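Please read through the structure below; I'll follow up with questions.
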Amino acid sequence: MEVQVILFAIFAVGAIGSAIVTVTRKNPVASAMALVGHFFMLSGLYLTLEAQFVAAVQVLVYAGAIMVLVVFVIMLLNLGTEQQLAERSSYLRGTLGTLFAALFVILLALAITSNPSGANQLSSKAVEIGTTESIGQSLFTQYLFPFEAVSLLLLAALIGAVILAKRHVQEGA
Amino acid sequence: MDPIQLLIICAQAGMLVNLMLIAAAYMVLAERKVAAWIQGRVGPNRVGPWGLFQSFADVFKLYLKEDVVPAAADYKFHALAPIISIAVAITIYAVIPWSGPLVTIDGHSYGLAMAPQMNVAILIILAMTSVGVYGVALAGWSSNNKYSLMGGLRSAAQMISYELSMGLAVIGVVLISGSLNLVEIINSQIANGWNIMYQPVAFLIFFVTSLAETNRAPFDLPEAEPELVGGYHTEYTGMKFGLLYLAEYASMLAAGAIMATLFLGGWDMIPFVDEAALLGLAPDSIPMVVLGHITFVSKALLMVFVFIWIRWSLPRFRYDQLMNLGWKVLLPLALANIAVTGICLLLFG
C-alpha cells in the first residue's frame, strides 16, 4: 500500500472522529479543542493532495487565530457545562435536523456513485496549482475583483467592531 | 517512498528531537550561568566540572518528583497542555535548515534538517507559533486556579497581538528573497548579502515579537512571579512542569535559529565573501557543510544569549504598555516597512 493512502486513511478517520467529539462534548473547551484537532486533520488531508499552501493556511488561520479567539472567549466567560439547551426538545429542531441529515446523505451518495471506481486520481498539474505563487497569481489577476470585494467587507466588519466597542466604553464611563 | 527512506527519515527525526531536547536542557544551565555572571555570582558549579551535568540532575529530579494534579483541575487538559507546548516547539525544528545535505543514500540526500526544502516553511513556522498559545492557555485554564487563569489569558492576548507584527515583519524578508522556502532565502542572502542589512526594521520587529511569543522578559507577564505566583504553570509539578519549562527554552532556540535563517545569512560565514573559494573547497563538500552548520548554530546560540542577556537587564513591562507597544508601535511600523520595501523594490529592484 502506498504511504499516501495510509496517511489519507489516518487523517480521514481522525477528521471524522474529532468532528464527532466536537459536537458531542458538553464542555465547551473540550469541544473547541476537538475542533482544533479536526483542523489539523483537514490540513493533513490537504497535504496528501499536494496543497501545501492551503494546508499551512488552514492551521495558521483557523487553528492558530480563529480558534484561539474562541477558546479565549470561552475561558474569559468561564462557561461551565451547558445544560439549559439540552433540556428543551422541540419538534421543529427534530424535523429540521432529520431533513438536513437526509439531504447530506443524498449528497454523499451522489458523490460516491458518480465516481464508481472510488479512486480520484490526482492530476499532474495539482502540484503547480497548490503553490503559493500560482494562488497569488490567480488571486491578483483573475480573481482581483472578488478579492477586493472581500477585503472591503472585512474592513467594514472591522470598523463595525471598533464602533461597537467604543460605544460600550463611552456608556461605561 | 520506499521503506528504507522512511526508516532513515524516522531515525533522522529521532536524532533531531533528542539533540534539540538536550540543547534545551543545556540552555536552562546556560541561563543560570549567564544570570550568575551578570549578577556577579558563581552559578551552578557542583554537579560535574563547572556544573556541566546540572541539566541532567535537574531532569532526573523532575522525573522522580511526585506528579500532583489539583483536585479541582481538569486532569485531561492539565496533561494535554505540556504535550501541546513541547510538540509545537519540536514541529518548528522540522523545517529549520540546521545544515545542508551531508550524506546521499539511493539518490536522496540527508542532512540534520528534516524538511528544509518545504515550499511553505515560513507559513508552517508562523502557524506553529500561533498554535503554541493553546499550551499556555490550556495550562492556565485547566489548573482551575485564578492566578493560572490570569497567566493563560494574558499569554493568549499577548501572543495574538504580537504574532500579527511577526508575520508582517517576515513579509519584508519574503519580498526581498522572493521565496517562502528557507533554503532559497539563505541562498539569496549568500548571493546578495544578509537580510539584516536591507531589513533592519523588520529584524528589530521580529526580535521583539519573538521575545513576546516565547514569553521571555521583558514580556514574561504570563508567568510574572510577583503578581501571579508562577502564572500558567503554578499548578504543575514533576515532569509536566519540566516539559513546559523545556518547551519555553526549545522555542527560544527555535526563534534564534529562525532569526539566523531569515536575517543573519544562515550558513554564510562572512557576507559578500565566497568562503568556499577562499578555502579552496567545493561549495557543497562535507567540510563546507559542517562549517556552515557550525556557523548556523553559533548564530542561533548568539541570539539565545541576547535573549538571556535581555532577561537579566530589563524590567518587566506593565500590561497596558505591552498592548500599546504591540498594537500602536510595532504593527504600524511593520506595515510601513512592507510599504517602503515594496516601493524600493519597484524603483530599484
Side-chain angles (χ1 to χ4, degrees), chain A residues 1-7 21 25 27-37 39-40 43-44 46-48 50-81 127-136 162, chain B residues 1-3 5-6 9 74 76-77 80-81 84 87-88 91 95 115 117-144 146 148-161 163-164 166-167 174 178-181 232:
Chain A
M1 212 163 20
E2 270 190 63
V3 177
Q4 214 147 18
V5 178
I6 301 172
L7 286 177
V21 172
R25 288 306 99 170
N27 183 345
V29 173
S31 206
M33 287 318 291
L35 193 56
V36 172
F39 287 142
F40 269 92
S43 164
Y46 290 140
L47 276 182
T48 61
E50 305 274 359
Q52 293 192 352
F53 180 76
V54 183
V57 168
Q58 171 81 24
V59 174
L60 183 63
V61 173
Y62 285 97
I66 295 177
M67 285 314 290
V68 171
L69 277 180
V70 170
V71 170
F72 186 75
V73 170
I74 292 173
M75 288 178 185
L76 204 63
L77 300 178
N78 214 355
L79 296 174
T81 19
V127 182
E128 284 172 43
I129 297 170
T131 62
T132 316
E133 198 181 351
S134 69
I135 288 174
V162 169
Chain B
M1 194 184 273
D2 54 285
Q5 201 185 349
L6 203 64
I9 290 176
D74 193 324
K76 278 185 213 145
F77 290 111
L80 183 67
I84 294 180
V88 161
T91 312
V95 294
Q117 290 286 358
M118 189 164 196
N119 281 322
V120 289
I122 291 185
L123 291 179
I124 296 284
I125 290 173
L126 291 175
M128 281 302 141
T129 20
S130 55
V131 170
V133 183
Y134 291 115
V136 180
L138 275 184
W141 175 80
S142 64
S143 303
N144 210 350
K146 56 186 172 231
S148 298
L149 183 66
M150 277 300 293
L153 287 177
R154 276 183 183 186
S155 125
Q158 174 179 326
M159 283 176 160
I160 294 171
S161 310
E163 80 193 18
L164 277 175
M166 182 183 244
V174 174
S179 177
L180 292 173
N181 181 327
Y232 61 90

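Proteins come first, then strands; the chains are lettered A, B, ... in the order of their sequence lines, and each starts at number 1. Given the structure is predicted, the values throughout are model-derived calculations rather than measurements.
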Around F72(A), counting heavy atoms of other residues, nucleotides and ligands shown, do more than 12 lie under 6.0 Å from its CZ?
->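 Yes, CZ of F72(A) has more than 12 neighbouring heavy atoms, counting only those of other groups under 6.0 Å.
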
Where on V29(A) is there a heavy atom nearer than 4.5 Å to chain B: the side chain, the backbone, both, or neither?
->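 Both backbone and side chain.
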
What part of I84(B) is in contact with chain A, defined as an atom under 4.5 angstrom from a non-hydrogen atom: side chain, backbone, both or neither?
->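 Contact with chain A involves the side chain of I84(B) alone.
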
Which bit of A55(A) is near chain B, if near means a heavy-atom gap under 4.5 Å: side chain, backbone, both or neither?
->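 It is neither, since no heavy atom gets under 4.5 Å.
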
Could you have a look at L180(B), V133(B), L138(B) and say which one has the most heavy-atom pairs with chain A under 4.5 angstrom?
->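 With the most close heavy-atom pairs to chain A, the winner is L138(B).
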
Heavy atoms, side chains only, cut-off 4.5 Å: are V68(A) and V131(B) in contact?
->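 Of all side-chain heavy-atom pairs linking V131(B) with V68(A), none is under 4.5 Å.
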
Which answer fits M159(B), side chain, backbone, both or neither, if we ask what part of it has an atom under 4.5 Å from a heavy atom of chain A?
->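 M159(B) has no heavy atom closer than 4.5 Å to chain A.
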
Shortest non-hydrogen contact from A127(B) to A56(A)?
->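 So the minimum-distance heavy-atom pair works out to CB-O, 4.0 Å.
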
Flag, side chain of Y134(B) to backbone of A63(A), donor-acceptor distance under 3.5 Å =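 Yes, Y134(B) side chain to A63(A) backbone: donor-acceptor pair under 3.5 Å.
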
Positive for side chain to side chain contact (heavy atoms under 4.5 Å, CB included) with L60(A), one of I125(B), L126(B), I124(B) |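 So, applying the side chain to side chain contact (heavy atoms under 4.5 Å, CB included) to L60(A) and each of I125(B), L126(B), I124(B), only L126(B) qualifies.
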
Answer with side chain, backbone, both or neither: which region of L153(B) has an atom nearer than 4.5 Å to a non-hydrogen atom of chain A?
->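 Both parts, heavy atoms under 4.5 Å.
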
For the student: nearest non-hydrogen atoms of S130(B) and G64(A), plus distance =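 Between these two residues, the closest heavy atoms are OG-CA, 3.5 Å.
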
